[in-house]
Structure formats: structure tokens, C-alpha cells
Amino acid sequence: MTSARDVSSQSDIGKMKTDSDGSFKRAPSSFRNFINDDGKFPPEKAWATRALITRKLKGLEDFIPVSVVTPHMAAQGWPFKNADPSWEDADDDILHPNFQHLKDLYLLADPNYGGRFTVPVLWDKKLDTIVNNESSEIIRIFNTAFNQLLPADKAAIDIYPEAHRQEIDSINEWVYDTVNNGVYKSGFAQSQSAYENAVYPLFKSLDRLEEMLKGKDYLVGNTLTEADIRLFVTTIRFDPVYVGHFKCNLRDIRHGYPNIHLSMRKLYWKNDAFKSSTKFDHIKEHYYWSQTLVNPSRVVAVGPVPHIEPL
């Protein structure tokens with residue numbers, strides 16, 4: 001599928017814009033539909049890491065197949081395997097095997113789409129369109145939308161329990177702004193002031209999280225919630241990528257934050273949903289190879305060794 005109009009500003013990170021002060025502003029996701037029994041997208045049996053983790057936790061593998069793009073996001077955006085056969089651990093699009101890039105799905109869903117072509121994408125194969133491309137909403141869809149079709153043990157898993165929702169939402173708000181997105185605001189900053197205005201709040205929030213996890217495995221209550229999943233996807237990348245690539249180097253996780261480090265390792269080593277959804281070679285290749293604004297040489301750092309320490 002091709003488009004007559006120029007969409008390179010939506011696919012090529014080299015054309016990314018920053019504000020006049022050099023700061024990075026992330027554009028909001030555009031497809032924000034939900035799955036429900038009586039809606040446009042009902043749950044039926046038959047996209048980023050936190051969505052993959054939740055998919056595995058809830059046992060949705062048979063309901064929601066996955067096409068994995070390669071980590072070599074270049075001028076055309078995220079490629080499928082047929083456009084980048086050098087990367088073996090990837091797939092062609094399941095439903096549209098002739099599509100070469102993720103942008104082809106976006107432009108099929110909306111030929112006039114004006115946002116960035118991001119992962120994950122939750123696709124409806126009956127209507128041949130995007131349901132949602134906002135990972136924070138996709139994990140909530142996975143948390144409840146298929147419960148009536150799941151075995152009782154999987155349906156009982158609830159990463160957004162009603163009794164803790166206010167606390168989870170409050171944590172998510174500042175963790176997203178200063179940590180999940182804070183590493184990007186630091187790494188993509190185009191001025192010293194923009195960088196420092198992002199990197200110091202990032203580490204202040206990591207200090208706060210370190211104190212919250214003192215003597216605990218989880219951020220909220222004594223149970224795994226989406227707050228832990230959302231933090232994990234940043235902390236697991238922190239030492240292998242963000243410390244060097246994004247200049248987030250006041251401290252690393254393994255030496256500077258023992259409580260965060262322990263919680264992260266327990267999730268990774270004791271819960272296969274986290275371990276199997278984390279591909280360090282894919283993660284490092286994507287950041288160091290794709291983000292030429294930050295790393296024009298495309299040389300991929302070999303450390304740290306190991307990528308994650310044992311328990």
C-alpha cells in the first residue's frame with residue numbers, strides 16, 4: 001500500500017520537532033477506542049512491552065496474535081520482516097503480508113492520519129482497522145475485556161483493582177511525566193537547559209520510587225498492578241540504554257537504587273510474562289541504531305554485562 005502524500009514527518013524520527021527551547025514534547029495517541037460486548041469492537045477469539053506483558057499475564061495469546069516489527073526504525077518507520085529480512089526475530093504482518101511498514105496499517109485505517117506511526121497497535125481483523133494505539137489503554141482493555149472468555153484463574157488477575165485505582169492513577173501520572181517520558185525528554189533534548197530540566201526531575205522521581213519500594217515488591221498494596229508494569233518497562237531499559245544513550249547518568253539502577261533493582265529483578269526472573277516480553281537485543285538495537293539524532297554512528301553499546309543481574 002502506498003500513499004500519494006508525503007508522510008515522512010510522521011515516520012522519520014530524524015524529522016522530529018522540538019520546542020523552541022530544545023525540549024521534546026510527545027504527541028498524544030490518536031486511536032482511542034475500547035473493546036466491549038455491545039460496542040463497535042466486541043471481544044472475540046481470533047503491539048510495546050507493557051501490552052505484551054499484560055497479554056501474557058492474562059493468558060490472551062490465543063485471542064490476540066502478535067506481529068513483531070524489526071528494531072530498525074528508519075525513514076519509513078517501523079518495518080516488518082519482509083522490509084528488513086536482516087532481522088530474523090520479527091514477523092510479516094499476519095493479515096496483510098504485503099505490507100512492509102507499520103505505517104501501511106495506519107494509512108489503511110485512516111488515509112488522512114496525521115500522527116506518528118507508533119507501536120503498539122491493537123487491530124480489529126473484522127473491520128480491518130485500528131482499535132487503539134495507546135498502550136496505557138490497551139493494557140486496561142486486556143485487563144477486563146476478555147474476562148468472560150478466559151479461565152477463572154486468568155480472569156481473576158486484575159492489574160487495576162477498583163480499591164486502588166485512585167492511588168494507581170496518581171502514581172501513573174507523575175511516573176509517566178518524569179520517568180517513562182522523562183528519559184525521552186532527557187535524551188531528545190536539544191539544549192542544555194531542556195536536558196537538565198528533564199534529567200533532574202527524572203532522578204528525583206527515581207529517589208521517590210526507591211523510598212516507596214522499601215521493604216516492598218510492589219508500588220501499590222501487596223499486589224502486582226499496572227503501576228508496576230508501567231515502571232518496569234523503563235527500569236529494565238535504564239542501565240542497558242538510558243544511562244548512556246539518553247545521558248541519564250546521575251546513577252544507574254543496579255548500583256544506585258537497591259529497592260527498585262530488587263523489585264525489577266523479581267518481576268523479570270520470577271514471572272515469565274516479564275522475562276519473555278523483554279528482548280534486550282531488540283531493545284538495544286532499536287535505540288542505538290534507529291535514533292540517529294542521538295547516536296549518528298549507529299554503534300550499539302555492548303554493556304552493561306549482564307543486561308540484568310541475577311537475583
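FYI, side chains are in, hydrogens and waters are out, and symmetry mates aren't considered; it's all heavy atoms of this structure.
When the side-chain hydrogen bond (donor to acceptor under 3.5 Å, both in side chains) test is applied to Y242, the partners found at least two apart in sequence or on another chain are Y287. Among residues two or more places apart in sequence or in another chain, the side-chain contact (heavy atoms from CB on, under 4.5 Å) test is passed with Q192 by Y195, E196.
Contact record, I159 with I139: CD1-O, 4.3 Å, taken as the closest heavy-atom pair. Pairing each heavy atom of G303 with each of K284, the nearest pair is O-NZ, 2.6 Å. Minimum heavy-atom separation, T223 to D228: O-OD2, 3.7 Å. F63 approaches L150 most closely through the heavy-atom pair CE1-CD2, 3.7 Å. D89 and V68 make their closest contact through O-CG1, 4.0 Å (heavy atoms, listed as atom of the first residue, atom of the second, distance). Contact between K270 and L311 at its shortest, heavy atoms only, is CE-CD1, 3.8 Å.
Within 6.0 Å of the CG atom in N222, the count of heavy atoms belonging to other residues, nucleotides or ligands does not exceed 12.
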**Test side-chain contact (heavy atoms from CB on, under 4.5 Å) applied to L57 and I53, step by step** = CA-CA 6 Å; L57 282 171; I53 290 170; 4.0 Å; yes
**Request:** Give the C-alpha distance, both sets of side-chain angles, the deciding distance and a yes or no for side chain to side chain donor-acceptor pair (under 3.5 Å) between Y288 and S297.
**Result:** CA-CA 9 Å; Y288 283 101; S297 70; over 6 Å; no
**Asked** Between I64 and F142, does a side-chain contact (heavy atoms from CB on, under 4.5 Å) hold up when you go through it step by step?
**Response** CA-CA 10 Å; I64 304 171; F142 289 176; 3.2 Å; yes
**Asked** Going through the checks in order, is the salt bridge (Lys or Arg N to Asp or Glu O under 4.0 Å) test met by R55 and E61?
**Response** CA-CA 7 Å; R55 169 181 174 266; E61 295 95 325; 5.5 Å; no
**Request:** Please step through salt bridge (Lys or Arg N to Asp or Glu O under 4.0 Å) for the pair D207 and R251, ending with a clear verdict.
**Result:** CA-CA 10 Å; D207 293 343; R251 288 174 289 283; 3.3 Å; yes
**Asked** Going through the distances and angles, do T225 and Y218 end up as a side-chain contact (heavy atoms from CB on, under 4.5 Å)?
**Response** CA-CA 8 Å; T225 71; Y218 306 112; over 6 Å; no
**Item:** Verdict with reasoning, S136 to R50, per side chain to side chain donor-acceptor pair (under 3.5 Å)
**Value:** CA-CA 8 Å; S136 64; R50 59 185 176 184; 4.6 Å; no
**Request:** Quick one: do W174 and D177 satisfy side-chain contact (heavy atoms from CB on, under 4.5 Å)? Show the steps, please.
**Result:** CA-CA 5 Å; W174 60 266; D177 180 47; 5.6 Å; no
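Judged purely by atom type and a 3.5 angstrom limit, S263 has no side-chain atom pairing as donor or acceptor with the backbone of N259. Judged by distance alone, the side chain of K266 and the main-chain N or O of D217 form no donor-acceptor pair under 3.5 Å. Between the side chain of E167 and the main chain of V220, no donor-acceptor pair closer than 3.5 Å is present. At least one donor-acceptor pair under 3.5 Å links the side chain of D239 to the backbone N or O of I253. Side-chain atoms of T292 never come within 3.5 Å of backbone atoms of N295 as a donor-acceptor pair (strictly under, hydrogens ignored). Judged by distance alone, the side chain of S290 and the main-chain N or O of P71 form a donor-acceptor pair under 3.5 Å.
In this structure, the side chains of H96 and D104 stay at 4.5 Å or more apart for every pair of heavy atoms. Within the 4.5 Å cutoff, the side chain of Q291 has heavy atoms near those of the F246 side chain. Residues I157 and K154 are in side-chain contact: their nearest non-hydrogen atoms beyond the backbone lie under 4.5 Å apart. A 4.5 Å side-chain heavy-atom check between P258 and E210 finds at least one atom pair inside the cut-off. Taking the side chain as every heavy atom from C-beta outward, R237 and T49 approach each other to under 4.5 Å. The side-chain heavy atoms of V233 and F274, taken from C-beta on, include no pair separated by under 4.5 Å. Between Y160 and D169 the shortest side-chain heavy-atom distance falls below 4.5 Å. Counting only heavy atoms from C-beta outward, the side chains of S67 and D92 never approach each other to under 4.5 Å.
Comment: D272 engages K56 in a salt bridge, judged by a side-chain N to carboxylate O separation of less than 4.0 angstrom. For K58 and E226, the salt-bridge test fails: no basic side-chain N is under 4.0 Å from an acidic carboxylate O. Between D91 and K81 there is no salt bridge, since none of the side-chain N atoms of the basic residue sits less than 4.0 Å from a carboxylate O of the acidic one.
Once rounded to the nearest 0.5 Å, the distance linking OG1 of T118 with CD of E134 reads 8.0 Å. Atoms CD1 and CG, from I260 and L209 in turn, are 5.0 Å apart once rounded to the nearest 0.5 Å. Here the CZ atom belonging to R165 is positioned 12.5 Å from the CG atom belonging to N172, to the nearest 0.5 angstrom. Rounding to the nearest 0.5 angstrom, the gap separating the CG atom in L219 from the CG atom in L231 is 5.5 Å. Taken from CG in L107 to CZ in F99, the straight-line distance is 9.0 Å, to the nearest 0.5 Å. Rounded to the nearest 0.5 angstrom, F117 CZ and Q76 CD are separated by 9.5 Å.
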What donor-acceptor contacts under 3.5 angstrom involve side-chain atoms of residues 198-206, with partners at least two apart or in another chain?
unit_1 : atom_1 : unit_2 : atom_2 : d
S205   : OG     : T178   : OG1    : 2.6
S205   : OG     : P201   : O      : 3.3

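Counting only N and O atoms by type, the side chains of N82 and Q100 include no donor and acceptor under 3.5 Å apart.
Cluster annotation: I236 and L262 are assigned to the same hydrophobic cluster (Ile/Leu/Val/Met/Phe/Trp/Tyr, side-chain heavy-atom contacts under 4.5 Å, transitive). Connection of I283 to V294 is established within a shared hydrophobic cluster, with ILVMFWY side chains joined at heavy-atom distances below 4.5 Å, either directly or through further cluster members. Connection of W289 to F280 is not established within any shared hydrophobic cluster, with ILVMFWY side chains joined at heavy-atom distances below 4.5 Å, either directly or through further cluster members.
Between H72 and W87, the distance separating the two ring centers is shorter than 6.0 angstrom. The ring of F238 has its center no closer than 6.0 angstrom to the ring center of Y257. Ring pair F80/H101: centre-to-centre distance not below 6.0 Å.
The side chain to side chain contact (heavy atoms under 4.5 Å, CB included) test with S277 singles out one residue from L52, T54, I229, and that residue is L52. Each of N133, N132, D93, D128 was scored for a side-chain hydrogen bond (donor to acceptor under 3.5 Å, both in side chains) with W123, with one residue passing: D128.
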